[in-house]
Participant: 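Take a look at this one; I'll ask things after.
Both counts, for ligands and for their atoms, begin at 1 and track the order of listing. Residue numbers start at 1 and run along the sequence shown.
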Amino acid sequence: MIKTQVLVIGSGPGGYTAAFRAADLGKNVTLIERHPSLGGVCLNVGCIPSKSLLHTAEVINESKHASDLGVTFSKPKINLEGVKKNKDSIVQKLTGGIQALAKARKVNVINGYAKFISKNQVVLDDSNEVIEFEQCVIAVGSRVTKFPMFPFEDKRVMDSTDALLLDDIPKRMLVVGGGIIGLEMATIYDALGSEITIVELGGQIIPAADKDIVSPLFKKAKKNYANVFLNTKVTSMSTLKKGIKVEFEGKDAPKNDTFDKVLVAVGRTPNGNLVDADKAGVHVNESGFIETDRQMKTNVENIFAIGDVVGQPMLAHKAVHEAKVAAEVICGEKSGFDVLTIPSVAYTDPEVAWTGKTEKELKEKGVDYEKGVFPWAASGRSLSIGRSEGVSKALFDTKSGKILGMGICGTNAGDLISEASLAIEMGCDMSDIALTIHAHPTLSETTAFAAEMAEGTITDLMPPRKRK
Ligand code: NAD
């Protein structure tokens with residue numbers, strides 16, 4: 001039997017962070033991972049490989065539009081093996097780095113599938129080895145949601161992991177789900193040459209974000225892709241020799257169509273039900289989430305949970321922060337998950353990012369707010385890089401002027417949004433943002449300009465109105 005002070009189950013961004021922080025604070029730590037390489041979905045089959053492929057897509061797209069700049073490249077020749085090799089090498093570098101960091105911290109890494117047998121023990125599925133722990137962090141993440149009605153047994157029906165393998169470039173590809181994964185993968189396959197159709201159940205793509213913030217991306221998708229069907233449901237999918245026949249239900253969609261490949265990206269399901277948590281007395285809700293308090297403690301005193309398995313948003317950066325809290329509480333520090341905002345980013349082209357409250361949330365809650373919207377068509381930097389379609393929107397409390405939320409669509413929106421997250425955490429008001437000197441010409445100026453639009457002090461455009 002292996003004995004450890006702290007056991008962490010799952011080595012995604014949440015799991016390895018919890019393990020490393022606990023080790024740094026002096027604990028003897030064991031980290032269990034079922035897959036051969038560390039890093040979880042994010043590093044192996046999620047955030048990182050997709051970002052590598054999105055960069056490839058960006059290079060292809062930039063070269064296509066270079067003629068607008070007076071430079072002409074010949075049509076790109078795509079060497080799929082080379083694209084995959086580059087992606088895989090980045091993943092290997094990062095997962096290898098995690099492995100090295102674990103070793104340097106003397107974290108005991110075990111490859112296996114752990115299930116609880118009591119509130120102080122897990123057993124490894126293959127070896128039957130028992131690991132006894134004082135405290136445990138469950139960081140088992142989530143899995144792709146698979147509707148049984150879709151024939152995933154046919155390799156032409158893909159989930160995001162399959163799509164990242166890049167087995168081939170289908171001629172006609174259907175993406176079911178206009179959320180973050182669907183749209184990022186559509187960006188990649190479109191650049192590589194597939195004809196894309198997107199089908200989204202809701203009335204807009206990326207339903208969680210404000211419609212005006214998503215609008216530049218939507219316009220581009222409508223222009224570049226074969227079709228984007230909103231308010232549309234896939235009612236059936238059948239496998240034919242010539243492709244996947246899909247039936248739709250929706251005002252604008254055809255009754256059916258046949259595609260070479262289909263990507264299903266309709267969300268992720270938490271893995272709380274897959275570790276026999278009940279044997280430790282840990283409560284898992286009907287959806288598979290494990291509830292925790294602000295110290296990331298479950299209903300069982302010595303067992304913590306973090307990341308996708310504790311709830312939405314299922315984002316790596318949320319998991320990392322929760323992980324540090326769990327490890328610090330385990331090590332006796334006064335720590336709690338107490339954040340005002342968790343930013344969201346779709347790394348599409350253009351990118352979409354939002355943080356704090358969205359305008360639709362403020363409307364639903366009846367909050368008295370003001371907004372400043374700055375169209376990037378008036379940004380010198382945006383025009384210089386040939387991308388004028390962006391928009392930055394800042395939302396402020398009418399009475400206090402404090403920033404409540406921000407949405408950005410445009411090049412590097414995912415990087416730009418951090419300023420607004422910091423502003424929200426620091427309780428900044430419009431003037432703090434507007435009067436902070438942003439370097440010119442930068443895309444970051446658009447955040448200050450959005451605040452100036454709300455204040456009525458903008459001079460790069462006509463001010464919408466003077467603030468009293
Ligand atoms: P999602 O929830 O973001 O989007 C799923 C979309 O599918 C929604 O728009 C939904 O309305 C739609 N949908 C649901 N059922 C449908 C149906 N039957 N037909 C058509 N459309 C349907 O989920 P996702 O894109 O699969 O992403 C999963 C998770 O991974 C999310 O929590 C996301 O935040 C996270 N993720 C984040 C990033 C990032 O941070 N850049 C990238 C990838 C994934």
Side-chain angles (χ1 to χ4, degrees), residues 12-14 40-55 141-150 152 157-164 174-188 197-209 211 214 217-218 221 227-237 246-253 262-271 287-289 307-320 342-355 408-409 412-415 417-418 421:
V41 170
C42 176
L43 261 69
N44 291 284
V45 288
C47 331
I48 300 302
S50 63
K51 292 319 94 63
S52 152
L53 296 179
L54 280 161
H55 179 63
S142 62
R143 61 191 182 279
V144 168
T145 302
K146 290 199 172 175
F147 296 146
M149 62 194 251
F150 295 156
F152 282 101
V157 179
M158 305 181 288
D159 62 22
S160 55
T161 305
D162 305 324
L164 285 168
L174 175 71
V175 176
V176 184
I180 293 185
I181 294 185
L183 293 166
E184 288 184 357
M185 294 311 304
T187 308
I188 293 165
T197 294
I198 292 179
V199 49
E200 164 57 44
L201 196 60
Q204 70 168 70
I205 55 168
I206 318 186
K211 201 170 179 173
V214 174
L217 174 65
F218 182 60
N227 280 302
V228 182
F229 299 124
L230 301 177
N231 298 308
T232 301
K233 212 160 117 183
V234 169
T235 51
S236 80
M237 236 184 249
V246 182
E247 297 196 9
F248 302 100
E249 203 178 273
K251 197 162 62 70
D252 302 320
V262 176
L263 163 66
V264 182
V266 293
R268 298 185 63 87
T269 304
N271 284 337
S287 318
F289 286 115
D308 287 8
V309 79
V310 306
Q312 300 286 357
M314 292 189 184
L315 296 171
H317 43 274
K318 181 197 74 139
V320 165
I342 302 166
S344 294
V345 182
Y347 298 89
T348 41
D349 181 15
E351 291 186 354
V352 180
W354 64 103
T355 190
I408 307 176
C409 184
N412 293 345
D415 294 297
I417 202 72
S418 297
S421 294

Participant: Is Leu201 in polar range of ligand 1, meaning some N or O pair under 3.5 Å apart?
Facilitator: yes
Participant: Quick one: look at Lys233 and ligand 1, take heavy-atom pairs under 4.0 Å, and tell me if it's side chain, backbone, both or neither.
Facilitator: neither
Participant: So, is Lys51 polar-close to ligand 1, with some N/O to N/O distance under 3.5 Å?
Facilitator: no
Participant: Only heavy atoms of Phe147, strictly under 4.0 Å: list the atoms of ligand 1 that pass.
Facilitator: 18 (N)
Participant: Name the one of Val246, Asp159, Val234 that satisfies side chain to side chain contact (heavy atoms under 4.5 Å, CB included) with Phe150?
Facilitator: Val234
Participant: When Thr197 is tested against each of Val262, Leu174, Val175, Val228 for side chain to side chain contact (heavy atoms under 4.5 Å, CB included), which residue passes?
Facilitator: Leu174
Participant: Does Ile181 reach ligand 1 with a nitrogen or oxygen that is under 3.5 Å from one of the ligand's nitrogen or oxygen atoms?
Facilitator: yes
Participant: Does a sphere of radius 6.0 Å around NZ in Lys233 hold more than 12 heavy atoms from other residues, nucleotides or ligands, not counting ones at 6.0 Å or beyond?
Facilitator: no
Participant: Could you tell me the separation between the CG atom of Leu201 and the CZ atom of Phe229, rounded to the nearest 0.5 Å?
Facilitator: 14.5 Å
Participant: Nearest non-hydrogen contact with atom 6 (C) of ligand 1 belongs to which option: Gly179, Ala316, Ser160?
Facilitator: Gly179
Participant: Begin from the C-alpha positions of Val266 and Val176 and carry the test side-chain contact (heavy atoms from CB on, under 4.5 Å) through to its verdict.
Facilitator: CA-CA 7 Å; Val266 293; Val176 184; 4.0 Å; yes
Participant: Of the backbone atoms (N, CA, C, O) and the side-chain heavy atoms from C-beta on, which set of Leu315 has a member under 4.0 Å from an atom of ligand 1: side chain, backbone, both, or neither?
Facilitator: side chain
Participant: Give me the residue, atom name and distance of the protein heavy atom closest to atom 5 (C) of ligand 1.
Facilitator: Ala265 O, 3.5 Å
Participant: How about NZ on Lys211, more than 12 heavy atoms from neighbouring residues, nucleotides or ligands closer than 6.0 Å, or not?
Facilitator: no
Participant: Is it the case that Thr355 and Ser421 place a side-chain donor and acceptor less than 3.5 Å from each other?
Facilitator: yes
Participant: Determine, considering heavy atoms only, which of Pro343, Gly203, Gly267 sits nearest to atom 2 (O) of ligand 1.
Facilitator: Gly267
Participant: Which residue supplies the protein heavy atom nearest to atom 16 (C) of ligand 1, what is that atom called, and how far is it?
Facilitator: Val266 CG1, 3.5 Å
Participant: With heavy-atom distances below 4.0 Å as the criterion, list the atoms of ligand 1 near Val199.
Facilitator: 20 (C), 21 (N)
Participant: If you measure from each non-hydrogen atom of Ile180 to ligand 1, which part falls under 4.0 Å: side chain, backbone, both or neither?
Facilitator: both
Participant: For atom 7 (O) of ligand 1, what's the nearest protein heavy atom and its distance?
Facilitator: Gly177 CA, 3.3 Å
Participant: Which bit of Thr145 is near ligand 1, meaning a heavy atom under 4.0 Å away: side chain, backbone, both or neither?
Facilitator: neither
Participant: Answer yes or no: is there a side-chain heavy-atom contact under 4.5 Å between Glu351 and Ile417?
Facilitator: no
Participant: Any idea which heavy atoms bring Ser287 and Pro270 closest together, and the distance?
Facilitator: O-CG, 3.2 Å
Participant: Can you report which non-hydrogen protein atom sits closest to atom 19 (N) of ligand 1, along with the distance?
Facilitator: Val176 CG1, 3.6 Å
Participant: Within a distance under 4.0 Å of any heavy atom of Tyr347, pick out the atoms of ligand 1 and give their elements.
Facilitator: 41 (N)
Participant: With a 6.0 Å cut-off (strictly less than), is the heavy-atom count around NE2 of His55, excluding the residue itself, greater than 12?
Facilitator: no
Participant: Applying a strict 4.0 Å limit to heavy atoms, is Pro313 in contact with ligand 1?
Facilitator: no
Participant: Provide, to 0.1 Å, the distance between atom 28 (C) of ligand 1 and the closest protein heavy atom, together with that atom's residue and name.
Facilitator: Arg268 CG, 3.4 Å
Participant: When rounded to the nearest 0.5 angstrom, what is the spacing between CD1 in Ile180 and CE in Met314?
Facilitator: 12.5 Å
Participant: Please list the nearest protein heavy atom to atom 32 (O) of ligand 1 with its residue and the distance rounded to 0.1 Å.
Facilitator: Met314 CB, 3.6 Å
Participant: In the protein, what heavy atom is nearest to atom 41 (N) of ligand 1, and what distance, to one decimal place, separates them?
Facilitator: Val345 O, 2.8 Å
Participant: Would atom 38 (C) of ligand 1 count as contacted, meaning some protein heavy atom under 4.0 Å?
Facilitator: yes
Participant: Working to the nearest 0.5 Å, report the span between CG of Leu164 and CG of Leu53.
Facilitator: 6.0 Å
Participant: Write out the residue and atom name of the closest protein heavy atom to atom 8 (C) of ligand 1, then the distance separating them to 0.1 Å.
Facilitator: Glu200 OE1, 3.5 Å
Participant: If I compare all heavy atoms of Gly414 with all of Ser418, which pair ends up nearest, and what's the gap?
Facilitator: O-OG, 4.4 Å
